[in-house]
Amino acid sequence: MSEADAAGLVGLAAGTLRNLRASTCPLAFYKVAGRVTYRLADLAEFIERQRADA
């Protein structure tokens, strides 16, 4: 999945995803032919980790 699509799915700006990659990055990503991509399963796991139990 592209960076723009991933950003929309997790509710973050594409720039925020770039900042996460440059830091400790809790979100797995892949670089294929110079393009950053994300797996849907990794995005789902990231969303689940953000869950706040009330």
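Sequential numbering from 1 along the given sequence is applied to the chain's residues.
A pairwise comparison of heavy atoms in Glu3 and Tyr38 identifies CA-CE1, 4.0 Å as the closest pair. Heavy atoms only, all atoms of each residue included: Ala14 and Ala7 are closest at N-CB, 3.7 Å. Among all heavy-atom pairs drawn from Leu9 and Leu43, the shortest one is CD2-CD1, 3.8 Å.
Summarising the local packing, CZ of Arg49 is surrounded by more than 12 heavy atoms from other residues, nucleotides or ligands at distances under 6.0 Å.
Here the side chains of Phe29 and Leu17 are not in contact, with every heavy-atom distance at 4.5 Å or above.
Here the CG-CD distance, from Leu40 to Glu45, works out to 12.0 Å after rounding to the nearest 0.5 Å. The CG atom of Leu27 lies 9.0 Å from the CD atom of Gln50; values are rounded to the nearest 0.5 Å.
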